[in-house]
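Just below is one structure, and these are the notes that go with it.
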Amino acid sequence: MTVLPKWADAILIPLLSILISFVISGLVILYLGLNPFEALRLMVTGALGSSYGWGYTLFYTTNFIFTGLCAAIAFHARLFNIGGEGQATLGGLGVALVCLAVPWPHWTLALPAALIGGALFGAAWAFIPAWLQARRGSHIVITTIMFNYIAAALMVYLLVEILKPEGSMDPATRRFGPGAELPLFSDIFGLVGIPFSSSAPANISFFIALLACLLFWLLVWRTRLGYEIRAYGHSETAADYAGISPARMIIIAMIVSGALAGCMAINSVMATERLVLNSVEGAGFIGLAVALMGRSHPVGVILAALLFGFLYQGGGELALWANIPRELIILIQGLVILFTGALDNMVRMPLERIFLMIRRPGKQGA
Amino acid sequence: MTFMQKTLGGVAALAIGATACLAEPALMYDLGGKFDKSFNEAAYNGAKRWAEETGNSYREIEVTAEAQRVQFATRLAEAGFNPVVVLGFQNAATLEEVAPKYPDTSFVLVDMVVDLPNVRSVIFQEHEGSYLVGMLAAMATESDTVGFIGGMDVPLIRHFGCGYAQGAKAVNPDITVIANMTGTTPAAWNDPVKGGELTKAQISQGADVIYAAAGGTGVGVLQAAADADVLSIGVDSNQNHLHPGQVLTSMIKRVDNAVFNAFSDGAGLETGIVSMGLPDDGVGYALDEHNAPLVSAKMKAAVDEAREKIIAGEIQVVSYYENDSCPAHDF
């Protein structure tokens, strides 16, 4: 059975993995002739040293929470949904269509409508691969990857040929208008007298992401449907024997997954007030790492999303102030993903051995 | 944390204080990357030339995704850099959002027009430059088939291709122009492998001169063309040296001059629209020791004559933007 206590599995392993990836990144920075501690300081001050930095860090964190939850719900059903990117792209389309369709009088009306629009489009985009998996046995990994490309191509077609305002060259929609403007952190914290940078895009979606985490937890661990999804994820044959329809579980898990990815668009599209190409910025893929690192649990997802939000924002600042090539930022992010996701066992196995060594003498004594 | 806040605050205050007397200019590269050997690199060369000639320094940053543009432009303005030069047509929306918030900062936009009091918009007549290299291609081809490989399929690139096709058809109305776009996402600006594949496909269809207007992707086009021993045409920067004797010419777009001028004019530079075309050598074709054997005196004479006629208005090169379509090629 599991050798590691729960706290070691949930906290110690990710922390050690991050540490290793940071040490290796530091060595690379050293090799390039720069001071790794200076680089770390730039990243920390850039991402967490001001309300402007926090505003961007939490903006990215919001994206990653949604896509992390998207990957996590699929993981619970043992489905590898690599299509978060495409589903979030389509979610962006849904949000944009809702925002453009009506001259919204106030954001309190626009936000729920946009949320539904984004979730519906994301869910619909996830439904097709899910149906293909459930009914035709087409592997979900392959189909969702391909659907990312279809989504990107569809978005280009729509933005270039249809949604682009007349006379504009930029493949992007027109602005959504003042009624669809979401309150920024500066507005929200301003109500209670806390000053916050108004240049940073963090907005009310962050709290909606936190709410989504709570709902996720309730769904997975406190409802019958969540139990069925987890049962299916642990053993398809056992679930089938217990009267749980595998096809139904695949489709439901993927629809929820796609809807969560689609909800990300209220942050990445609605808050930026227009739909641009590539508004997802790879968050769909980061979501996989976030879910792996967060052990598919909402609290873990929040923490991992915060880490990646920090890396995104801090990395941008590093590129600006230290003239570090952008490839290095991707390297650091890649190393974190590699060690927390792919090379999990490299940390886990030695750690298990250490824990066994500590435990054994104790047991013999008892 | 408080220590860091203080440090950062101090740095910011210093930067803002410094703007009054000695503002550093800043340059924001667009997707494709600083060393794309093309559009962004031309800007880098202009900035580098300015730094070498004046001994001053500048700040630069590379955008890696569309959504970062606003963030980075805001960051540069916020930190007190002035002027802030941004590259690429897609930054029009960026400046529409950022520039009004920083009325004391001068912005320069290359490739698109934004009508704001603190923005200088630099645009190039790429269709005219492309027309000239299209003529050269039509005169150099032996198979009467010339190719065009664009980056991302957007009106700007069709604008290049349209000028090229018009130039080629002006020399030989029966010429076949094959045009392909590398992709529909911004990844198409930096996909040399796919550029090479498209080149091979066009060669198999008979093309023996291929024009790449694709940013970093063009490196793959030029390489594949050189490997197959057919001619290619570079873009934005002078790319003749990449494969000496195998690059027919390059459609030069003097983005470096746009950046150099902006940096030299400094904070508070004159705003409005600056159009760079054939008369001021803002666009043109490259002739140097690497391609001199490829361009005969007759070809050069014909192209130079066309250049004069375009400047004089005797030849009208239709812009793709006029009605989002091209008279010489159906994209």
Side-chain angles (χ1 to χ4, degrees), chain A residues 41-42 44-46 48-53 55-56 59-60 63 149 151-157 159-161 164 166-175 197-201 268-269 272-274 276-283 312-313 315-317 319-321 323 325-327 329-330, chain B residues 1-9 11-12 26 28-29 31 33-35 59-72 74-79 81 88-94 96-98 101-102 111-113 152-156 158-159 183-188 320-321 324:
Chain A
R41 193 190 64 80
L42 277 173
V44 172
T45 46
L48 312 173
S50 64
S51 70
Y52 170 87
Y56 267 104
F59 173 76
Y60 289 125
N63 287 346
Y149 288 101
L154 178 70
M155 199 53 89
V156 170
Y157 168 74
L159 284 177
V160 172
E161 305 286 344
K164 189 183 71 170
E166 194 127 334
S168 162
M169 249 231 295
D170 187 14
T173 64
R174 65 177 165 85
R175 292 197 176 274
S197 167
S198 60
S199 321
S268 63
V269 174
T272 53
E273 291 166 39
R274 61 191 198 115
V276 297
L277 276 177
N278 198 10
S279 61
V280 186
E281 274 193 86
Y312 247 58
Q313 168 58 13
E317 290 287 311
L320 176 63
W321 298 111
N323 276 335
R326 61 175 182 176
E327 283 77 9
I329 314 299
I330 299 169
Chain B
M1 187 57 62
T2 47
F3 170 73
M4 277 164 185
Q5 270 168 344
K6 272 180 199 157
T7 326
L8 196 83
V11 171
M28 186 169 102
Y29 301 106
L31 299 168
K34 179 175 165 186
F35 294 114
R59 183 63 66 180
E60 59 186 9
I61 190 159
E62 288 178 71
V63 169
T64 52
E66 281 86 344
Q68 289 174 348
R69 292 189 179 116
V70 171
Q71 178 181 0
F72 288 172
T74 306
R75 192 75 188 93
L76 291 171
E78 176 100 16
F81 294 106
F89 64 92
Q90 284 171 298
N91 275 312
T94 312
E96 275 163 12
E97 192 172 336
V98 177
K101 288 189 200 160
Y102 299 92
D111 257 11
M112 189 71 188
V113 174
M152 185 178 162
D153 190 4
V154 289
L156 173 76
R158 295 183 179 189
H159 180 65
T184 48
T185 63
Y320 182 83
Y321 301 137
D324 270 355

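Order of the sequence lines fixes the chain letters, A, B, ..., with proteins taken first and strands second; residue numbering starts at 1 for each chain.
Atom CE of B:M28 is separated from atom CG of A:L320 by 11.0 Å, given to the nearest 0.5 angstrom.
Shown here for A:L277 and B:M152, the closest heavy-atom pair between the two residues is CD1-CE, 3.0 Å. For the pair A:R175 and B:A93, the tightest heavy-atom approach, listed with the atom from each and the gap, is NH2-O, 3.7 Å. When all heavy atoms of A:W321 and B:A79 are compared, the pair lying nearest together is CH2-CB, 3.7 Å.
Proximity of A:V276 to B:Q90: side-chain heavy atoms (C-beta onward) are nowhere separated by under 4.5 Å. The side-chain heavy atoms of B:V154 and A:V156, taken from C-beta on, include no pair separated by under 4.5 Å.
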Query raised in the report: side-chain contact (heavy atoms from CB on, under 4.5 Å) between B:E78 and A:S199: does it pass, once the steps are laid out?
Result: CA-CA 9 Å; B:E78 176 100 16; A:S199 321; 3.5 Å; yes

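In this structure, no portion of B:Y29 lies under 4.5 Å from any heavy atom of chain A. Only the backbone of B:D153 has a heavy atom closer than 4.5 Å to any heavy atom of chain A. Looking at B:R69, there are no atoms closer than 4.5 Å to chain A (heavy atoms on both sides), in backbone or side chain. Heavy atoms of A:Y312 lying under 4.5 Å from chain B are absent altogether.
Take A:Y60 and apply the side chain to side chain donor-acceptor pair (under 3.5 Å) test, not counting sequence neighbours, and it matches B:Q71.
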